[in-house]
Asker: 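Handing you a structure now.
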Amino acid sequence: MLQVNYIRENREQVLERLAVKNFKQPELVDQIIQLDEDRRQTQNLLDSVLAEANSTAKQIGDLMRQGKKDEAEAVKAKSSSFKDQTKTLGDKLTAIETLLQVELILLPNLPHQTVPKGSTPEENEVVLEHGIMPKLFANALPHWELAAKYDIIDFELGNKIAGAGFPVYKGKGAKLQRALINFFLDEAEKAGYREMQPPIVVNEASGFGTGQLPDKEGQMYHIGMDNLYLIPTAEVPLTNLYRDVVVKEEELPIKNCGYTPCFRREAGSYGAHVRGLNRLHQFDKVEIVQIAHPEKSYKILEEMSTYVQSLLQALELPYRVLSLCGGDMSFTSAKTYDMEVWCAAQARWLEVSSVSNFETYQSNRLKLRYKGKEGKAQLAHTLNGSALALPRIVASLLENNQTEKGIRIPKVLVPYTKFECIE
RNA sequence: GGAGAGAUGCCUGAGUGGCCGAAAGGAACAGUUUGCUAAACUGUCGUACUGGCAACGGUACCGAGGGUUCGAAUCCCUCUCUCUCCGCCA
């Protein structure tokens with residue numbers, strides 16, 4: 001959520017930045033500025049009535065204590081009129097504030113100056129490509145066929161017990177999952193992230209804090225009986241750990257990571273491009289999250305991108321880094337890098353990580369601030385990234401590393417899998 | 001699931017209708033002093049909105065939301081959460 005004061009003082013710039021994100025309702029900006037104006041006016045009025053009511057009440061109290069009952073009664077008669085006024089003004093103020101909040105929530109984050117213009121994925125900017133795309137032998141298979149051939153991932157079985165998009169990992173397939181999770185967590189720890197194990201259900205306040213609610217509730221599984229949401233990403237609990245928190249400036253940056261399963265309804269997705277592991281309702285992911293000083297957050301974004309790339313390099317996967325254009329970026333992000341790995345048998349790039357700086361967009365909702373020795377508490381910047389999401393990593397490992405004898409496990413993973421090949 | 005207790009500032013904790021934005025102690029910060037790794041003394045010490053160039057004001061907030069009252073941390077209602085005991089249980 002953007003800050004009203006910022007919008008008021010930087011109207012032109014806000015409009016210009018929103019245009020980069022292809023925001024369709026720029027008129028909201030002026031509406032918000034007007035509502036804010038109304039809000040302050042109404043509050044001033046209300047405050048002055050309340051001030052008068054307070055001093056009158058005090059007066060009555062003093063008179064009562066002095067035993068001047070008649071005088072007190074006289075003043076009492078006068079003070080009862082304040083009630084209607086404060087009620088009316090209070091209701092008006094609440095109505096304005098509610099509307100202001102509703103409209104503020106409709107504004108997406110402002111893209112950073114370096115974010116490329118554009119509205120479609122094709123307009124994302126390729127920052128770099130790394131690695132060599134493997135040349136596969138003649139009868140090379142896509143990963144869903146490899147999964148069946150080696151009996152390591154069972155989509156049918158998942159269908160039976162849960163539904164499409166909930167695969168069952170079997171034998172070496174399961175071990176590969178576990179190996180990847182442990183490898184990612186160990187690497188994150190080496191990079192200075194503290195491992196956390198958060199709940200995988202969250203309440204409404206948490207969903208609001210990171211921006212999933214109110215507008216994206218259709219994307220999350222909801223447990224109606226207890227009004228809890230299954231997390232779509234560990235970003236939600238890991239970032240919400242700092243909701244309503246003021247951290248010490250010297251503690252920044254705070255670096256946390258965590259492994260969780262992630263749940264996404266993915267309503268409306270179907271077809272060949274979501275086959276196999278390409279898109280699932282439940283998947284595993286290790287997430288990295290940082291709470292940063294505003295002056296350092298863009299440097300940290302680059303570091304996080306470099307870190308994620310180091311994982312892909314270690315896994316020997318060919319990848320590219322995209323700087324997302326304004327229109328393709330998420331609602332809440334100020335700048336996002338996507339990492340995509342090459343899936344040789346499908347001959348396509350698959351997104352395996354998304355690293356974003358949210359600046360103060362989330363922290364404003366979360367009321368996440370930092371405070372130095374001097375001065376007031378300021379909103380911190382939040383960043384997060386996948387490091388990494390498993391299914392598409394598995395898909396590309398299977399496809400890229402397939403040989404006529406079996407699937408080769410990358411060297412760094414062998415200590416974790418305890419096997420070198422899936423035959 | 002049943003019964004009970006509770007929620008106050010960074011922490012402990014007092015406050016049961018006006019003198020309470022809130023005692024006291026601790027912590028923290030600044031200073032003084034003695035000197036030695038600590039103590040004593042003094043001062044400062046909540047947040048948000050808002051008016052003002054500023055000095056300095058106004059308003060709201062004692063878990064959340066309503067209500068009673070001229071006036072609520074304090075009384076009433078609803079909700080949320082925490083703790084204790086019982087039950088169930090990985």
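Side chains are part of it too, since the values below use all heavy atoms of this structure and drop only hydrogens, waters and symmetry mates. Residue numbers begin at 1 in each chain, while the letters A, B, ... track the order of the sequences.
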Asker: Return the set of residues passing salt bridge (Lys or Arg N to Asp or Glu O under 4.0 Å) with A:Arg408 (not counting sequence neighbours), or none when no residue passes.
Answerer: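 Once residues adjacent in sequence are excluded, the partners of A:Arg408 under the salt bridge (Lys or Arg N to Asp or Glu O under 4.0 Å) criterion are A:Glu316.
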Asker: For residues A:Arg243 and A:Asn240, is any side-chain donor paired with an opposing acceptor at under 3.5 Å?
Answerer: yes
Asker: For A:Gln362, which of A:Asn109, A:Thr239, A:Thr382 qualifies under side chain to side chain donor-acceptor pair (under 3.5 Å)?
Answerer: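 By the side chain to side chain donor-acceptor pair (under 3.5 Å) criterion, A:Gln362 pairs with just one of A:Asn109, A:Thr239, A:Thr382: A:Thr382.
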Asker: Polar-atom pairs under 3.5 Å, protein N or O versus N or O of nucleotides 87-90 of chain B: list them with distances, or write none.
Answerer:
none

Asker: Which letters describe nucleotides 57-71 of chain B, given B = protein heavy atom under 4.0 Å from base, S = only from sugar-phosphate, - = neither?
Answerer: -BSS--------BBS
Asker: From the options A:Glu249, A:His381, A:Glu250, A:Lys299, select the one residue that forms a side chain to side chain donor-acceptor pair (under 3.5 Å) with A:His293.
Answerer: A:Glu249
Asker: For RNA chain B, which residues in residues 196-210 of chain A have a heavy atom at a distance below 4.0 Å?
Answerer: none
Asker: Scan residues 32-42 of chain A against RNA chain B and write down, sorted by residue number, each residue with any heavy atom closer than 4.0 Å; if none is found, say none.
Answerer: A:Arg39, A:Arg40
Asker: I'd like to check the side-chain contact (heavy atoms from CB on, under 4.5 Å) partners of A:Lys190; sequence neighbours left out, ordered by chain and number.
Answerer: A:Glu187
Asker: Test of understanding: with salt bridge (Lys or Arg N to Asp or Glu O under 4.0 Å), list the residues that count as partners of A:Asp186, not counting sequence neighbours.
Answerer: none
Asker: Tell me, please, which residues at least two apart from A:Asp151 pass side-chain contact (heavy atoms from CB on, under 4.5 Å).
Answerer: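 Result, side-chain contact (heavy atoms from CB on, under 4.5 Å) vs A:Asp151: A:Lys170.
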Asker: Does either side chain, that of A:Tyr319 or that of A:Gln313, offer a donor lying less than 3.5 Å from an acceptor on the other one?
Answerer: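 On atom types as modelled, these side chains qualify, holding a pair under 3.5 Å.
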Asker: Keeping the roles fixed (side chain from A:Lys21, backbone from A:Ser330), state whether a donor-acceptor pair exists under 3.5 Å.
Answerer: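 Pair found, side chain donor or acceptor close to backbone of A:Ser330.
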Asker: For A:Cys343, what residues pass the side-chain contact (heavy atoms from CB on, under 4.5 Å) criterion, not counting sequence neighbours?
Answerer: A:Gln346, A:Leu350, A:Ala395, A:Ser396, A:Glu399
Asker: Considering only residues two or more places apart or on different chains, which pairs with a residue in residues 195-225 of chain A satisfy ring pair (Phe, Tyr, Trp, His ring centres under 6.0 Å)?
Answerer: A:His222-A:Tyr229
Asker: With Watson-Crick and G-U wobble geometry limited to distances under 3.5 Å, how should the secondary structure of RNA chain B be encoded in dot-bracket form, using | for bases paired to another strand and [ ] for crossing pairs?
Answerer: ((((((((.[[[..)..(.....]]].(((((.......))))).((((((....)))))).[[[[[..)....]]]]])))))))....
Asker: Mark up nucleotides 75-80 of chain B, 5' to 3', with B wherever a protein heavy atom is under 4.0 angstrom from a base atom, S wherever such an atom reaches only the sugar-phosphate, and - elsewhere.
Answerer: ------
